[in-house]
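As the structure is a prediction and not an experimental result, all values here were calculated from the model. Lettering follows sequence order; numbering is per chain, from 1.
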Protein chains: 2
Amino acid sequence: MNAAVDLLDEHGSRGLTFKLLTERLQTGAGAVYWHVANKDELVTMATDQVIGTALERLSPEPGTSPEARIRALALSVYDTLDQHTWAAPHVVAVHTMPHTMRLLERIGGMIAETRLPVRRRFAVATAIFIYLTSVTAQDAGRAVAAGPDSTRDDMLRHEAQQWAALDPETFPFVTRIAEDLGHHDDRDQFLTGLDLILDGLRAQVGDLP
Amino acid sequence: MNAAVDLLDEHGSRGLTFKLLTERLQTGAGAVYWHVANKDELVTMATDQVIGTALERLSPEPGTSPEARIRALALSVYDTLDQHTWAAPHVVAVHTMPHTMRLLERIGGMIAETRLPVRRRFAVATAIFIYLTSVTAQDAGRAVAAGPDSTRDDMLRHEAQQWAALDPETFPFVTRIAEDLGHHDDRDQFLTGLDLILDGLRAQVGDLP
DNA sequence: ACCTGAACACCGTTCAAGT
DNA sequence: ACCTGAACACCGTTCAAGT
């Protein structure tokens with residue numbers, strides 16, 4: 001399984017083949033199939049393992065507000081998945097896997113410390129959980145699409161140029177913000193959305209220290 | 001291209017093969033490759049076309065607040081992508097495609113009607129755009145994972161049982177909300193997160209009529 | 001300019017046989 | 001119980017040849 005994570009880091013989920021895996025493990029294909037049902041399950045298990053490392057690396061930080069700790073937790077997961085860009089798109093299928101359950105449990109625990117009404121806890125905790133996993137997946141997916149050959153900046157510059165080249169009459173907004181895209185950071189962007197959600201949460205709870 | 005969308009609806013992006021496509025179009029593989037570079041590009045173009053239909057089906061609804069119109073737009077896209085579950089995961093790669101640009105333009109235009117400071121418009125508009133596309137992608141991805149054989153309810157029930165079966169000591173939150181998962185609706189869930197974001201937006205703008 | 005379709009390289013999965 | 005590795009079915013992509 002660790003070998004699978006390594007190979008996925010090197011080649012991505014598409015680039016991982018049973019040939020590569022059996023070569024590295026010095027075994028036959030059947031050996032792998034004795035432990036997993038198919039390639040999907042293999043990648044899913046590897047993905048859950050990555051989620052596990054994100055939880056491990058997090059320091060407790062007691063004393064701070066639940067919202068701040070949710071923020072820190074979300075960032076830790078974001079950064080970890082950013083290092084394993086192949087993993088994020090598979091978090092979808094992983095809702096029932098052990099480490100991913102631990103992640104939801106942590107978020108829920110923090111929400112429970114809030115003065116949010118009990119009946120709203122499920123909805124808000126899963127909303128944050130879903131925001132976290134799915135936006136991370138999208139950002140990581142874009143990083144994969146960019147490829148290791150072209151740098152992220154090159155790609156953003158290229159995209160910004162395409163935006164700027166659009167017709168300003170039909171695309172007044174997009175053409176005007178095209179240059180903002182140039183110095184855009186996915187991580188900041190992720191935080192902006194997360195903070196909007198946390199602001200919404202505070203608004204529902206009533207903001208007191 | 002329309003044939004591609006139909007086949008994708010029938011078989012999903014994995015199930016779409018050049019064999020199926022050339023049979024339906026009564027041509028050879030080379031004919032398809034004359035128009036697209038590879039399968040990825042084919043699916044990307046089909047995905048953008050789906051986004052286009054989501055924008056088409058939307059009625060203008062003038063007079064309502066920008067936030068309410070963003071909500072309606074987001075729901076339209078959500079529902080359309082929900083009917084083409086194969087598409088959502090590919091919206092990532094599509095940020096530069098024509099209809100997807102129109103979507104961002106629309107959101108941005110509505111944000112511009114808000115009293116949000118100009119320098120924050122880019123960040124907030126893309127935050128909403130990213131929330132919309134990526135959460136939709138996750139929900140749709142889960143629908144694909146469930147498969148057409150087992151119903152959604154069966155799957156949720158099964159997942160809820162797994163949650164309930166966890167150790168209540170280490171998973172106090174998850175086990176307690178397990179039953180909420182039973183009558184859970186992805187669409188409501190999507191709205192909960194969206195409303196949190198819109199609440200956050202209103203909090204930043206100052207809520208006036 | 002656009003299409004044909006056979007050929008190629010490759011990959012996930014299976015399975016009879018081994019230990 | 002767990003591993004071996006050859007064999008199978010299939011699929012994306014290419015390309016010389018056609019119109």
Side-chain angles (χ1 to χ4, degrees), chain A residues 1-50 84-94 97 141 144-150, chain B residues 1-50 84-94 97 141 144-150:
Chain A
M1 187 53 51
N2 285 322
V5 173
D6 288 345
L7 280 172
L8 285 162
D9 284 341
E10 291 168 33
H11 301 100
S13 36
R14 238 204 190 106
L16 172 73
T17 67
F18 280 82
K19 187 162 177 291
L20 280 173
L21 188 60
T22 51
E23 273 169 8
R24 176 143 323 176
L25 291 174
Q26 306 261 54
T27 50
V32 179
Y33 274 91
W34 180 258
H35 297 282
V36 302
N38 50 41
K39 188 180 169 181
D40 275 348
E41 187 176 308
L42 180 72
V43 176
T44 299
M45 289 171 68
T47 300
D48 192 57
Q49 183 152 318
V50 169
H84 306 276
T85 46
W86 53 270
H90 301 274
V91 189
V92 199
V94 111
M97 306 248 39
V144 169
D149 35 326
S150 72
Chain B
M1 187 52 51
N2 284 323
V5 172
D6 288 345
L7 279 172
L8 284 162
D9 283 342
E10 291 167 33
H11 301 100
S13 36
R14 236 202 192 106
L16 172 72
T17 66
F18 280 83
K19 186 162 178 290
L20 280 172
L21 187 60
T22 51
E23 272 169 9
R24 177 143 321 177
L25 292 175
Q26 307 262 54
T27 48
V32 179
Y33 275 91
W34 181 258
H35 296 282
V36 303
N38 49 41
K39 189 181 167 179
D40 275 348
E41 187 177 308
L42 179 71
V43 176
T44 299
M45 288 171 68
T47 300
D48 192 56
Q49 184 154 318
V50 169
H84 307 276
T85 47
W86 52 270
H90 300 274
V91 189
V92 198
V94 112
M97 305 247 43
V144 169
D149 36 328
S150 72

Worksheet item: Just checking Leu16(B): base, sugar-phosphate only, or nothing, at a heavy-atom cut-off of under 4.0 Å?
Response: sugar-phosphate
Round to the nearest Å and state the distance from [X] atom [atom1] to [N] atom [atom2].
X        : N       : atom1 : atom2 : result
Gln26(A) : dC2(D)  : CD    : C1'   : 18 Å
Glu23(A) : dC10(C) : CD    : P     : 12 Å
Leu42(B) : dC11(D) : CG    : C1'   : 14 Å
Arg14(B) : dC11(C) : CZ    : P     : 15 Å

Of the candidates dC3(D), dT4(C), dC2(C), the side chain of His35(A) sits closest to dC3(D)
For this session: Find the partner of dC10(C): check Watson-Crick (N1-N3 plus N6-O4 or O6-N4) and G-U wobble (N1-O2, O6-N3) distances, both under 3.5 Å, and reply none if neither fits.
Result: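 Paired with no nucleotide.
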For dC15(C), give the paired nucleotide (Watson-Crick: N1-N3 plus N6-O4 or O6-N4; G-U: N1-O2 and O6-N3; both under 3.5 Å), or none.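 In the structure as shown, dC15(C) has dG5(D) as its Watson-Crick or wobble partner.
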Value rounded to 0.5 Å, distance of [atom1] in [X] from [atom2] in [Y]:
X        : Y        : atom1 : atom2 : answer
His35(A) : Met45(A) : NE2   : CE    : 9.5 Å
Lys39(A) : Leu21(A) : NZ    : CG    : 10.0 Å
Trp86(B) : Leu16(B) : CH2   : CG    : 9.0 Å
Phe18(A) : Asn38(A) : CZ    : CG    : 7.5 Å

Here the pair of heavy atoms bringing Ala46(A) nearest to Val5(A) is CB-CG2, 3.9 Å
Given protein heavy atoms under 4.0 Å, the one-letter contact record of nucleotides 13-19 of chain C, with B base, S sugar-phosphate only and - none, is simply BBB----
* List the steps, then state whether side-chain contact (heavy atoms from CB on, under 4.5 Å) holds for Gln49(B) with Met97(B). => CA-CA 9 Å; Gln49(B) 184 154 318; Met97(B) 305 247 43; over 6 Å; no
